[in-house]
Amino acid sequence: MAAWHRVAAEADLAENMPLAVRIGDLSIAVVKLEDGIYAVNDICTHEYALLSDGYCEDGKLECPLHQACFDIRTGAALNEPAEVPVATYQVKVEEGEVFVEA
């Protein structure tokens with residue numbers, strides 16, 4: 001059963017700078033973009049690497065290992081070597097606190 005988990009203060013997020021968070025066994029990358037805050041699974045689907053260690057630009061999160069890119073909003077794999085999307089999670093902000101549903 002999914003529940004909302006506080007993961008950060010909104011003020012702690014810098015635009016295009018992924019923040020690694022853990023919710024139980026889940027590794028999640030939280031990213032603030034111009035149009036909102038998004039959360040995706042932090043593990044690259046091509047080979048084990050933390051996407052939060054990668055580079056984010058134009059709504060794309062690049063894996064630091066082999067440069068596979070994922071759409072932050074949808075989780076879609078945008079280029080090889082990744083072919084499988086990453087999971088996405090719902091995000092809400094209440095009173096300056098960021099919550100992820102997982």
Side-chain angles (χ1 to χ4, degrees):
M1 184 159 132
W4 290 98
H5 302 269
R6 183 205 175 275
V7 295
E10 186 176 16
D12 292 340
L13 297 175
E15 195 168 318
N16 292 317
M17 298 295 296
L19 175 68
V21 300
R22 298 225 15 121
I23 298 175
D25 292 336
L26 288 176
S27 294
I28 297 174
V30 178
V31 181
K32 180 179 181 179
L33 300 179
E34 191 175 289
D35 65 344
I37 299 172
Y38 299 88
V40 298
N41 193 289
D42 198 17
I43 309 299
C44 181
T45 59
H46 166 249
E47 192 169 322
Y48 188 92
L50 296 176
L51 295 175
S52 58
D53 288 341
Y55 183 73
C56 183
E57 185 176 55
D58 297 327
K60 295 182 245 181
L61 187 56
E62 182 178 296
C63 177
L65 194 58
H66 293 115
Q67 290 70 52
C69 289
F70 298 89
D71 185 306
I72 281 292
R73 294 171 184 91
T74 67
L78 300 174
N79 64 296
E80 293 183 354
E83 296 176 353
V84 177
V86 290
T88 60
Y89 304 94
Q90 294 294 316
V91 176
K92 69 179 178 180
V93 178
E94 292 182 347
E95 297 179 9
E97 302 295 324
V98 180
F99 294 85
V100 173
E101 186 179 35

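Because only heavy atoms are used, hydrogens play no part in the values below, and waters and symmetry mates are left out as well, while side chains stay in.
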F99 vs V93, side chain to side chain contact (heavy atoms under 4.5 Å, CB included): CA-CA, chis, key distance, verdict: CA-CA 6 Å; F99 294 85; V93 178; over 6 Å; no

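V30 and I72 fall into different hydrophobic clusters, where Ile, Leu, Val, Met, Phe, Trp and Tyr residues are linked whenever their side-chain heavy atoms come under 4.5 Å apart, directly or through other members. By the criterion of side-chain heavy atoms lying less than 4.5 angstrom apart, applied directly or through intervening Ile, Leu, Val, Met, Phe, Trp or Tyr residues, V21 is grouped together with L26 in one hydrophobic cluster. Note: the hydrophobic cluster containing V40 does not contain I28 (ILVMFWY, side chain heavy atoms under 4.5 Å, direct or indirect links). No continuous path of hydrophobic side-chain contacts links V31 to L50 [ILVMFWY only; heavy atoms under 4.5 Å].
With N16 contributing its side chain and E57 its backbone, the two residues share no donor-acceptor pair below 3.5 Å. With S52 contributing its side chain and P18 its backbone, the two residues share no donor-acceptor pair below 3.5 Å. Not one N or O on the side chain of D71 forms a donor-acceptor pair closer than 3.5 Å with the backbone of K60.
No more than 12 heavy atoms of other residues, nucleotides or ligands sit less than 6.0 Å from atom CD of E80. Surrounding CD of Q67 are more than 12 heavy atoms belonging to other residues, nucleotides or ligands, all under 6.0 Å away. For E15, the CD atom counts as densely surrounded, since its 6.0 Å shell holds more than 12 non-hydrogen atoms of other residues, nucleotides or ligands.
Here D35 pairs with R73 in a salt bridge; the nearest charged N to carboxylate O distance falls below 4.0 Å.
Taking CD of E101 as the reference point, atom OG1 of T88 lies at 11.0 Å (rounded to 0.5 Å). To the nearest 0.5 angstrom, N41 atom CG is 7.5 Å from L51 atom CG.
Of the options Y38, W4, Y89, a side chain to side chain contact (heavy atoms under 4.5 Å, CB included) to V100 is made by Y89 and by none of the others.
Looking at H66 and H46, their side chains come closer than 4.5 Å, going by heavy atoms from C-beta outward.
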